[in-house]
Structures are given as structure tokens and as C-alpha cells.
Amino acid sequence: MATRLQFENCCEVGVFSKLTNAYCLVAIGGSENFYSSFEAELADVIPVIKTSISGIRTVGRLCVGNKNGLLLPHTTTDQELQHLRNSLPDQVLVQRIDERLTALGNCIACNDHVALTHIDLDKETEDMIADVLKVEVFRQTIASNIIVGSYCTFSNRGGLVHPHTSIEELEELSTLLDVPLVAGTVNRGSELLAAGMTVNDWIAFCGSDTTATELSVIESIFKLREVQPGVTMHEMRKSLFDSFL
Amino acid sequence: MRLEKCWFCSSTVYPGHGIQFVRNDAKIFRFCRSKCHKNFKMKRNPRKVKWTKAYRRVHGKDMTQDSTFEFERKRNRPERYDRNLAENVLKAIPKIDKIRVTREERHHKNRMKGKKEKLQREAVKELEQSISLVKAPSVLQQDPSLTLPKIKVKVSQKQSEENHAMEE
């Protein structure tokens with residue numbers, strides 16, 4: 001089930017929030033609207049935490065995490081680190097890493113089993129990812145873009161990649177990640193998927209500019225819609241994919 | 001807010017002081033004052049500049065390895081806040097400081113051990129070698145002691161008269 005929302009009139013929801021299966025990080029906004037949209041859906045299921053990272057509100061792009069852990073850049077202040085550690089459940093390992101590329105959310109895309117990383121990432125960081133997030137790490141490009149964390153987003157059930165990804169690359173990635181992938185856009189044709197939306201296994205949040213077509217693609221690939229018996233769903237999906245690819 | 005260390009001299013940089021330089025490879029250099037900043041711009045190596053902590057450590061003037069330094073290390077994996085733990089840590093900090101200071105003093109004392117004897121030996125040697133600067137060799141032959149004789153000076157009575165003049 002996908003929800004449309006805005007952060008202070010900006011449709012890039014994935015920039016200001018980080019959603020995983022075990023927790024959700026939200027930026028501190030002027031009004032509580034953003035936070036309350038997340039809270040309305042998630043409050044009794046997973047903790048929703050308001051935070052900044054090194055004083056910056058674009059938490060979605062600076063950190064990376066899954067249900068096993070959370071990785072933060074070295075610029076994170078001690079107070080923020082402590083706040084996150086106190087608010088997150090104990091199974092989630094919070095770790096600050098020393099890495100030249102501090103925008104970890106733009107460099108690393110991950111779900112609970114696999115991670116795709118920027119090519120120029122340090123070896124120690126790669127080991128740290130495998131250790132803290134408990135994932136298998138692959139260095140990849142997506143449609144010749146090295147910042148994989150922005151141009152693709154995937155959960156344990158499905159994934160969305162840059163619209164200009166070729167079919168061969170799509171199949172290669174799909175076998176690597178073990179999830180079905182589709183090339184799509186968000187927020188009226190924006191290629192930056194991870195910046196425009198945030199998703200976990202049962203819910204997705206998109207920018208309010210997202211068209212109905214994009215929303216239905218998202219709902220189908222991430223398997224967010226309740227399973228409807230019958231052919232109509234199948235036909236709808238086929239027609240959507242045809243018009244897209 | 002975090003109290004950082006100056007890259008050049010290793011002193012603490014308090015908020016509102018110093019300059020931070022970020023190089024193109026994203027390495028951050030923090031300086032406590034313009035003295036350290038200017039030395040850095042001159043490409044001086046802190047390990048060769050006498051007044052820095054780096055020099056003192058490398059040349060054995062200050063303690064290098066000690067368990068008290070482990071407490072001040074930067075940690076990247078935080079622990080959940082526990083009030084008792086925080087209280088114990090706050091109580092322990094001055095104790096650890098005291099221990100570190102005593103250990104540093106001990107290190108200094110060890111380093112300075114044998115200084116007194118060395119000075120004594122040097123003084124004796126100097127006396128033997130350079131007594132000619134003070135006492136002529138002919139006089140030395142008559143009186144072979146290396147110390148100067150005591151000269152007694154008689155004080156005259158005129159001084160009391162001078163004082164009266166001053167007091168008026």
C-alpha cells in the first residue's frame with residue numbers, strides 16, 4: 001500500500017526519511033505533518049524516530065540500514081549517535097564509519113540480504129557493511145551510474161531501477177539480488193528513485209507528484225497490493241508493463 | 001559539540017577557537033590557533049617541531065603507551081544510555097586523570113634519574129680542568145686545594161655615622 005506525501009512542500013520523500021523493516025528515521029521538520037504521516041501508518045509496528053545526521057536533515061541519503069543495522073557517516077555527532085542508539089531496538093547495530101564518501105544512502109542500496117555499493121567505496125567500509133548489516137556486498141553500476149544508492153531502490157520483495165536500464169542489465173541485477181526488478185520512475189518521471197520514495201516489505205511512501213501509473217507500478221513490483229484473485233489484475237499488470245517498457 | 005585535538009600540537013581545540021581545513025581528499029585538519037595553522041602551511045612535520053606533543057612522544061620525552069589512554073579513544077559503536085553507568089563514568093574520570101598524571105610524573109622522574117650524579121661528576125671534572133681560570137698554577141702548587149681561600153674583611157666603625165646622616 002503506497003502513500004503519497006510531502007516534506008515541507010518537497011516531493012523527495014526518500015531524502016528526508018529512511019524506512020526499513022525494523023525502524024523508520026524521519027527528518028525534523030518545521031511542522032509535524034511529515035512525522036505524523038509516518039506515525040499514522042507505522043506507530044504500533046516499528047519505532048519512528050525523529051533525527052538529524054551531523055545537523056543535516058537529509059537523513060535518508062546520509063545513512064544506510066536494514067533490519068540488522070544502521071551505518072552512519074563519520075560526521076555524525078556523538079549526541080545524535082547516542083539518540084539513535086537509545087531509540088532503536090537492541091537487535092539493530094548502530095555504527096559510525098570513517099569513509100570519504102559520507103552520503104552513504106547515495107552510495108549503498110540494500111535490503112536485508114544483499115547490498116549494491118558504489119565502485120569507489122573503501123575495502124574497510126565494504127567489510128563493515130557485510131559485518132554490521134549482515135548482507136552480501138556487490139559493487140555495481142546501474143545504467144552506467146555509479147551512485148547506485150540513488151538510482152535504485154529495493155526491498156526484500158521487489159525492486160525499482162533507473163528507467164534507462166537495459167533489459168540484460170535488469171536480468172543480471174535481478175539474478176544478483178534475487179528479487180524481481182522493473183525499470184520505472186517516481187514523482188512524475190524523476191529517475192532518482194531512492195530519493196523520491198522510500199519502501200519496506202509492506203508499505204511505501206512516495207512524493208505527492210507521483211502519478212497513478214507510477215504508483216500502480218510501485219505497488220505491483222513491491223507486492224504491496226493485497227492479492228486479488230482473477231485475471232483482471234494480471235491483465236492490468238501486463239498492460240502497465242507494456243506501456244512502460 | 002566535541003572537543004577535538006589540534007592536528008599539529010595535539011592540544012584540545014575548544015568551541016570558538018581555531019581553524020578547520022578540509023583537503024580535497026576529504027581529510028579534515030583541525031588547528032587550535034594560527035601558530036599551528038601557519039606551521040602546517042609551511043609544510044613542517046610536527047614530529048620534528050620541538051614543542052609539539054608528537055615530537056615529545058616520538059623522542060621518548062612523554063609517555064606513549066598506557067592503559068589510561070584507552071579511555072579517551074573515539075568510539076564508533078555506542079551503547080544504550082544507562083544512568084548508573086553514566087554516573088560511574090563521571091566519578092571515574094577525575095580518578096583516571098589523577099592516575100595518568102602520577103604515571104607521567106613517574107615517567108619524567110625515570111627519565112631524569114642519574115641527572116644529579118651526572119651534574120656532580122661534570123662539576124668535579126670542570127674544577128680539575130679549569131681551575132687555572134680562577135687560581136694561578138704557581139699558587140696551586142703551594143696550596144693544592146681546588147677551592148678559593150677565604151678572605152676576611154674588617155668592617156670599619158664609620159658606618160654608624162653615615163646612618164645618622166641618612167635618617168635626617
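Chain naming here is simple, since letters A, B, ... match the order of the sequence lines and numbering starts at 1 in each. None of the values given here were measured: they were computed from a predicted structure.
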Interchain contact, Asp98(A) with chain B, by part (heavy-atom threshold 4.5 Å): side chain

Tell me whether the count of non-hydrogen atoms from other residues, nucleotides or ligands lying under 6.0 Å of CG in Asp25(B) goes above 12. yes

For residues 49-81 of chain A, give me every residue with a non-hydrogen atom less than 4.5 Å from any non-hydrogen atom of chain B. His74(A), Asp78(A), Gln79(A), Leu81(A)

If you compare all heavy atoms of Pro94(B) against all heavy atoms of Leu90(B), which two are closest, and at what distance to 0.1 Å? CD-O, 3.3 Å

Pick one of side chain, backbone, both or neither for Leu101(A), based on which atoms fall under 4.5 Å of a heavy atom in chain B. neither

Mind listing the closest non-hydrogen atom pair of Gln82(A) and Tyr81(B) along with its distance? NE2-N, 3.5 Å

Does anything in residues 110-145 of chain A reach chain B? List residues with heavy atoms under 4.5 Å apart, or say none. Asp131(A), Val132(A)

From the list Ile97(A), Leu84(A), Asn86(A), the residue making the most non-hydrogen contacts under 4.5 Å with chain B is Asn86(A)

Under 4.0 Å between a side-chain nitrogen and a carboxylate oxygen: does that hold for Arg73(B) and Glu70(B)? yes

Please determine, among Lys74(B), Arg77(B), Arg2(B), the option with the most heavy-atom pairs under 4.5 Å with chain A. Arg77(B)

Quick one: does NZ or CZ of Arg30(B) land under 6.0 Å from the six-membered ring centre of Tyr14(B), within 45 degrees of the ring axis? no

Arg80(B) versus chain A, heavy atoms under 4.5 Å apart: side chain, backbone, both or neither? both

Aromatic plane relationship, His162(A) with Tyr151(A) - under 30° parallel, 30 to 60° tilted, over 60° perpendicular: tilted

Answer yes or no on whether Lys27(B) is positioned over the face of Phe29(B), meaning its NZ or CZ is under 6.0 Å from the six-membered ring centre and within 45° of the axis. yes

